[in-house]
K.L.:
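Let me give you the structure first, and then I'll get to my questions.
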Amino acid sequence: MEQQSIQREEWNSKLGFILAAVGSAVGLGNLWGFAYRSSQGGGAAFVLLYIFVVLVVGIPIFVAEFSLGRSTNTSAVLAPIKAAGKKWSALGFLFLIAPLAIASYYAVIMGWTADIFFQSLIVGLPETTSQAGELFNLIHNGTRDFVGQIFSLVLAFYIVSGGIRRGIEKLNKICMPILFIILLGLVIWAAFLGNAGEGYRNFLFNFDLSQLANPTTIRNAFSQAFFSLSLGIGIMITYASYLNKKNDLTKQAVQIASLDTAVGLMAGLITFPIIFTFGLNETISNSTIATLFITIPSGLGQYGLIGRLVAILFFGLAYIAAITSLISLIEIPVSALIDKFKIKRNRASGITIIFIFLLGIPSALSTDLLGDIDAIANVLLILGGFLVSFLIGWVIPKTLDKELTNSGSSLLTRNYLKFMLKYVTPVLVAWGLIISVYDLLKG
Ligand code: PFF
């Protein structure tokens, strides 16, 4: 044991860890998920509910996952057992199947993203929604799907097998600043579109109170929060297992959650003006993830050369956001294989990638299946979040206390988080979980 923790890799710097966690959190979920869920859930009602979930559920669970990872110094699949014994192995198992399931279709969607990126770069954009629909059919039918999926998985293999410092940390240090610059540029550009004001109104100010009681909106807010923050799946446990004792976990949880939420909002400030300027609100309101691959290109396609340039930047940005997330999903099984079987990182990464490719074949063949796997996986994340908060709040509360003390947290912060993780967060997540399961089965 001792030898294993001495050999275990560590982040090079605090900033490296934060950027890697932000890189995991900021992904396709912010760019696609936030926009389509908020257009389904009545705009501002969804956004408010989402922010409430991030504050009351997300941040405490971040701290819980960080504490579990740093205290056990082992991968998320093994951490619950190491912390609380064999009866918690089911949670470890959940942390194995959820990332594999999500990575399987995530790589497929990344393939579409890369495809539209190259399409905008080399060929140009479709000019009408029906042309864009035809293009998307071409992209997600047959071989093109697989090319994009394999390309993304090979890239991820290359990075993850490079290790924590030289692979994951290095990539995030390069990609995150680029991502923020492009994002800011696009928000400014979108603000000058003809109907930007109407887009903002629908996104942020169209407050339909009845939506707050709609089970689908509640499920969307919980799913989006867990998915977007990369919580309930073991990523933050795994990333924190490479941390040293000096980091202030609470502060970092707040920083990561704020940056991720800011990116979600900024993405909405780009997509909503585009949608309303080009009259695409009908297409989007019944949307699935796939619709965004039709809506955005056809909107930008009406805008000539500038539209094309924006599409290149937007889909390039989406791809950067996605690769830093995909590697975090892959790192969970990889670190579990390394910790459990003491195999080389290269080999662990190779096995994981091949497995994810095979698992992703159904999603590459059918967008309906992809949607179903996504819906189920999202509920698994909420379940994971509930179990982690219960574990830390009720079963091993001393771990939380010790980790927060090590972090230099004040007594007030410690007591606040202990209270939340015991009495508030698990109860709210249980409520969200029940509503989500009900809504999923109904749908
Ligand atoms: N958080 C990333 C996104 O929003 O796209 C990726 C992701 C990580 C999704 C972990 C889901 C998840 F469980």
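In listed order, ligands and their atoms are each counted from 1.
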K.L.:
For Leu193 and Ile274, run side chain to side chain contact (heavy atoms under 4.5 Å, CB included): C-alpha distance rounded to whole Å, both residues' side-chain angles, the deciding distance at 0.1 Å, then the answer.
P.N.:
CA-CA 7 Å; Leu193 284 173; Ile274 295 178; 4.0 Å; yes
K.L.:
Could you pull out all residues at least two apart from Trp88 that satisfy ring-ring contact (aromatic ring centres under 6.0 Å, His included)?
P.N.:
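With sequence neighbours excluded, Trp88 shows a ring-ring contact (aromatic ring centres under 6.0 Å, His included) to no residue whatsoever.
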K.L.:
Looking at Leu68 and Ser71, what are the two nearest heavy atoms and their distance?
P.N.:
O-OG, 3.3 Å
K.L.:
Test side chain to side chain contact (heavy atoms under 4.5 Å, CB included) on Val254 and Phe62 and set out the steps.
P.N.:
CA-CA 9 Å; Val254 174; Phe62 254 116; over 6 Å; no
K.L.:
May I ask you to check whether over 12 heavy atoms, not counting those of Lys14, lie within 6.0 Å of atom NZ?
P.N.:
no
K.L.:
Provide the number and element of each atom of ligand 1 under 4.0 Å from a heavy atom of Tyr106.
P.N.:
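Here the atoms of ligand 1 in question are 2 (C), 3 (C), 5 (O), 6 (C).
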K.L.:
Measure the distance from atom 8 (C) of ligand 1 to every protein heavy atom, then report the residue, atom name and distance (to 0.1 Å) of the closest one.
P.N.:
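Ranking protein heavy atoms by distance from atom 8 (C) of ligand 1, first comes Ser230 OG, 3.1 Å.
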K.L.:
Examine Ser228 against ligand 1 and note whether any of their N/O atoms are separated by less than 3.5 Å.
P.N.:
yes
K.L.:
Before signing off on this row, confirm whether Gly29 and ligand 1 have an N or O atom pair separated by under 3.5 Å.
P.N.:
yes
K.L.:
Under 4.0 Å from any heavy atom of Gly27, which atoms of ligand 1 are there?
P.N.:
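Near Gly27, meaning under 4.0 Å from one of its heavy atoms, ligand 1 has 3 (C), 4 (O), 5 (O).
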K.L.:
Search all heavy atoms of Ala348 against all heavy atoms of Ile338 and return the closest pair with its distance.
P.N.:
CB-CG1, 4.0 Å
K.L.:
May I ask you to decide if Asp115's main-chain N or O and Arg144's side chain share a donor-acceptor pair within less than 3.5 Å?
P.N.:
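No, because the side chain of Arg144 does not come within donor-acceptor range (under 3.5 Å) of the backbone of Asp115.
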K.L.:
Mark up the atoms of ligand 1 that fall under 4.0 Å of a heavy atom belonging to Leu381, in ascending order.
P.N.:
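Checking each atom against Leu381, I get 13 (F).
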K.L.:
Roughly how far apart are Ile237 CD1 and Arg70 CZ, rounded to 0.5 Å?
P.N.:
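Rounded to the nearest 0.5 Å, the CD1-CZ separation comes out at 14.0 Å.
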K.L.:
How far is atom 2 (C) of ligand 1 from its nearest protein heavy atom, and which residue and atom name does that atom have?
P.N.:
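Closest protein heavy atom to atom 2 (C) of ligand 1: Ser24 O, 3.1 Å.
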K.L.:
Within the structure, does Leu28 bring an N/O atom to less than 3.5 angstrom of an N/O atom in ligand 1?
P.N.:
yes
K.L.:
Mind checking whether Leu329 contacts ligand 1 via backbone (N, CA, C, O), side chain (CB onward), both or neither, at a 4.0 Å heavy-atom cut-off?
P.N.:
side chain
K.L.:
What ring pair (Phe, Tyr, Trp, His ring centres under 6.0 Å) pairs are there with at least one residue in residues 146-167, not counting sequence neighbours?
P.N.:
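Listed once each, the pairs would be none.
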K.L.:
Counting from 1, what ligand 1 atoms have a heavy atom of Ile235 closer than 4.0 Å?
P.N.:
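The atoms of ligand 1 under 4.0 Å from a heavy atom of Ile235 are 8 (C), 10 (C).
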K.L.:
Please write down residue, atom name and distance for the protein heavy atom closest to atom 13 (F) of ligand 1.
P.N.:
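Checked against all protein heavy atoms, atom 13 (F) of ligand 1 sits closest to Ile233 CD1, 2.9 Å.
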K.L.:
Of the side chain and backbone of Ala25, name the one, both, or neither that has a heavy atom under 4.0 Å from an atom of ligand 1.
P.N.:
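The answer is the backbone of Ala25.
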K.L.:
Please confirm whether Phe227 comes within less than 3.5 Å of ligand 1 when only nitrogen or oxygen atoms on both sides are compared.
P.N.:
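Yes, there is a polar N/O contact under 3.5 Å.
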